[in-house]
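Step one of this worksheet: look at the structure below.
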Amino acid sequence: MNISQTLISWYQLNKRDLPWRSTHDPYCICLSEVILQQTRVNQGLEYYNRFVERFPDVFFLAAATEEEVLKLWQGLGYYSRARNLHHAAHMIVQKFNGVFPPTYAELLKLNGIGEYTAAAISSIAYGEVKPVLDGNVARVLSRLYALQEQVDSAAGKKLLNGIASQLIDPADPATFNQAIMEFGALLCTPRNPGCETCPLQSSCLAFSLKRVNDYPVKLARTVVKERYFYYLVVTFVKQGELHLLLNHRNSIGIWRKMYDFPLLESPGELEYPAVLSAQPASIILNDMPFEISAISDEYIHILSHRKLITRFFKIKLQRQPESIQPYIAVPVSQIGKYPIPRLIDRYIRAEKLLVPGYTL
DNA sequence: AATCCGGGGAC
DNA sequence: GTCCCAGGATT
C-alpha cells in the first residue's frame with residue numbers, strides 16, 4: 001500500500017468525530033478552518049459550536065456587527081481572524097449572493113483566507129485536488145523524507161508543496177488532506193510520536209536514521225520582547241451608578257477594535273509617580289482630586305512575540321472628568337457586553353469588578 | 001524575508 | 001520554563 005492509501009486507511013480507523021466532518025456546507029468548513037488556524041481542536045471546538053448556533057449561515061454572519069463577532073470570538077486570540085471572517089462574509093453575500101466561491105483561486109481573494117485555508121476549503125468542500133500545508137503536514141513529510149530544508153522557509157514550503165502534490169490522492173483529496181493532518185495531530189506528534197505503532201514506520205527515513213526528534217528543521221524563533229503596560233482603572237459615580245473609562249482600540253496593532261482601559265505603554269519599568277504624571281493619566285486627572293485605591297500585582301501576559309508586564313492602577317474620582325476623550329464612560333454593570341482581551345478579562349475577574357450577569 | 005498578531009495546553 | 005498549534009497580513 002502506498003503512503004497516501006496508508007494514511008487514509010489509518011484515518012478511517014482513528015479519526016476523531018468532529019462536527020465539521022459531518023457536513024459538506026462550505027460555510028461550516030470555512031468557519032472551522034479559520035477558527036482552527038494556529039489553534040488546537042480542543043480549544044476551537046466550543047467556539048465553532050457557538051458560531052454555528054449564533055450564525056447558522058453566511059447571511060446571519062454578514063448581518064451581525066463586527067463588535068458582536070469579536071465578542072463571540074473573545075478569548076480565542078488572533079482577533080484579526082474574526083474581523084476578516086466578518087469582512088469575508090460581507091463579500092460573499094454582496095458579490096456572490098451568499099454562495100461561497102468554489103475554487104482555490106477565488107477563495108484566496110477573501111480576507112483571512114490564505115493558502116492553507118483556501119486549499120482546505122476547496123479540497124474538503126469541493127474536491128479540488130489541492131494539498132494543504134499546515135504544521136502537521138510539514139512535520140509528517142519532514143520526518144518521512146528527513147528533510148534538511150527549514151520547513152517554514154520559502155524554499156521549505158516549496159519543497160513540501162511539491163512532495164504533497166505528488167502524494168495527494170487525486171480521487172479523494174478531501175480525505176487525504178484531513179488524513180495527513182489528523183495523522184500529524186494524533187500520531188506523528190511534535191513530542192513523543194507514536195513511532196512504535198506507526199503504519200508508515202518502514203517508509204520513514206527519520207525513523208530509520210533514529211532521528212525523528214531532529215525533524216522538522218525550523219527557523220530560529222524571534223525573541224520575545226518585554227513591554228510594560230500601566231492600565232488606569234478610572235472609576236467614578238455618575239447618575240447613581242459606578243462607571244469606569246474604557247478605551248476603544250481603533251488604531252492598528254494589537255487587539256484592534258477591542259476594548260481595554262486607558263493605557264501607558266513603556267519599554268522599561270516605571271515608578272508610580274511617573275505613571276501618574278505622564279499621559280494619559282495627566283490628561284484624565286487634570287488637577288482633579290483623586291485617590292489611588294489600589295495598585296495591582298504584576299499580570300504577566302504572553303503573546304506570540306511580546307511579554308506584557310502589566311499593573312493596574314485603580315483610581316477613584318469624585319465625578320466624571322470634564323473631557324474623557326477619546327475614552328468612553330461605561331457603567332461597570334455593562335463591561336461584559338464589550339469584547340475585551342484576555343488580560344483585561346483576567347483582571348476584571350480577579351478584582352470582582354464584574355457583577356452578576358457578566359459572562360464570557 | 002522578517003515581523004506582527006493570542007491564547008492555551010502538553011511536557 | 002519551552003514548544004507549537006488545521007496561519008494570514010503587512011512591510
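Below, chains carry the letters A, B, ... as their sequence lines are ordered, and counting in each starts from 1.
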Distance check needed: C/dC3 P versus A/Asp214 CG, whole Å only. 14 Å
Please check the phosphate of B/dG6 (OP1 and OP2 only) for any side-chain N or O of A/His301 closer than 4.0 Å. no
Would a 4.5 Å heavy-atom cut-off, applied to side chains only, mark A/Ile3 and A/Leu200 as touching? yes
Within less than 4.0 Å of OP1 or OP2 of C/dA9, is there a side-chain N or O belonging to A/Tyr78? no
5′-ward residue of the pair A/Arg191/A/Arg306 relative to DNA chain B: A/Arg306
Which listed nucleotide (B/dG7, B/dC5, C/dA6) is nearest to the side chain of A/Met181? C/dA6
Does A/Gly253 reach a base, just sugar-phosphate, or nothing at all? Heavy atoms under 4.0 Å. sugar-phosphate
Of A/Pro216 and A/Glu115, whose closest DNA chain C nucleotide lies nearer the 5' terminus? A/Pro216
Want to settle it: does A/Glu33 or A/Gly112 sit nearer the 5' end of DNA chain C, counting the closest nucleotide to each? A/Glu33
Using a side-chain heavy atom cutoff under 4.5 Å and only I, L, V, M, F, W and Y, what cluster partners does A/Val217 have? A/Tyr215
Short N-O contact, A/Asp345 and A/Arg349, less than 4.0 angstrom: yes
I'd like to know if A/Glu115 pairs up with A/Lys157 as an ion pair, taking the criterion as any Lys NZ or Arg NE/NH1/NH2 lying under 4.0 Å from an Asp or Glu carboxylate oxygen. no
Rounded to the Å, how far apart are A/His87 NE2 and C/dA9 C1'? 13 Å
Answer with base, sugar-phosphate or nothing: what part of the nucleic acid does A/Trp73 contact at a heavy-atom distance below 4.0 Å? nothing
For a quick check of understanding: with a heavy-atom distance under 4.0 Å over all strands, which category does A/Glu182 fall into, base, sugar-phosphate or nothing? base
Are any of A/His305's side-chain N or O atoms less than 4.0 Å away from OP1 or OP2 of B/dC5? yes
Across the strands shown, which category fits A/Ser80 at heavy-atom distances under 4.0 angstrom: base, sugar-phosphate, nothing? nothing
Between C/dT11 atom P and A/Ile252 atom CD1, what is the distance in whole Å? 7 Å
Could you work out the separation of B/dT3 and C/dA6 based on their C1' atoms and round it to a whole Å? 23 Å
Measure CZ/A/Arg81 against C1'/C/dG8 and give the value in whole Å, please. 10 Å
Whole angstrom value for the distance that separates P of C/dG7 from CG of A/Leu110: 18 Å
What's A/Asn111 touching, base or sugar-phosphate or nothing? Going by heavy atoms closer than 4.0 Å. sugar-phosphate
With sugar-phosphate meaning primed atoms plus P, OP1 and OP2, does A/Ile35 contact a base, only sugar-phosphate, or nothing at under 4.0 Å between heavy atoms? nothing
Measure from CG on A/Asp260 to P on B/dG6 and round the result to the nearest Å. 12 Å
Just checking A/Arg21: base, sugar-phosphate only, or nothing, at a heavy-atom cut-off of under 4.0 Å? base
Is any N or O donor-acceptor pair between the side chain of A/Arg40 and the base of C/dA6 shorter than 3.5 Å? no
Under 4.0 Å, counting only non-hydrogen atoms across every strand here, what does A/Thr117 touch: a base, just sugar-phosphate, or nothing? sugar-phosphate
Please check the phosphate of C/dG7 (OP1 and OP2 only) for any side-chain N or O of A/Gln37 closer than 4.0 Å. no
Heavy atoms from C-beta onward define the side chain here; which of B/dC11, B/dG6, C/dA6 lies closest to that of A/Asn192? B/dC11
What distance, rounded to whole Å, do you find between the two C1' atoms, one in C/dC5 and one in B/dG6? 12 Å
Could you tell me if A/Glu33 and A/Tyr116 have a donor-acceptor pair between their side chains, going purely by distance under 3.5 Å? yes
Kindly say whether, by distance alone, the side chain of A/Tyr116 makes a donor-acceptor pair under 3.5 Å with the base of C/dG7? no
Does A/Lys109 come within less than 4.0 Å of A/Glu106, counting only side-chain N to carboxylate O? yes
What is the distance from CD1 of A/Ile113 to C1' of C/dA6, rounded to the nearest Å? 13 Å
Rounded interatomic separation in angstrom, taking CZ from A/Arg139 and C1' from C/dC3: 11 Å
Using the closest heavy atom to pick a nucleotide of DNA chain B for each, name whichever of A/Lys225 or A/Ser153 lands nearer the 5' end. A/Ser153
Nearest-nucleotide pick for A/Ala154, side chain only, options being B/dA1, B/dG6, C/dA9: B/dA1
Considering only heavy atoms and no angle criterion, is a donor-acceptor pair shorter than 3.5 Å present between the side chain of A/Thr39 and the base of B/dG8? no
Measuring from A/Gln74:CD to A/Leu76:CG, what's the distance to the nearest 0.5 Å? 11.0 Å
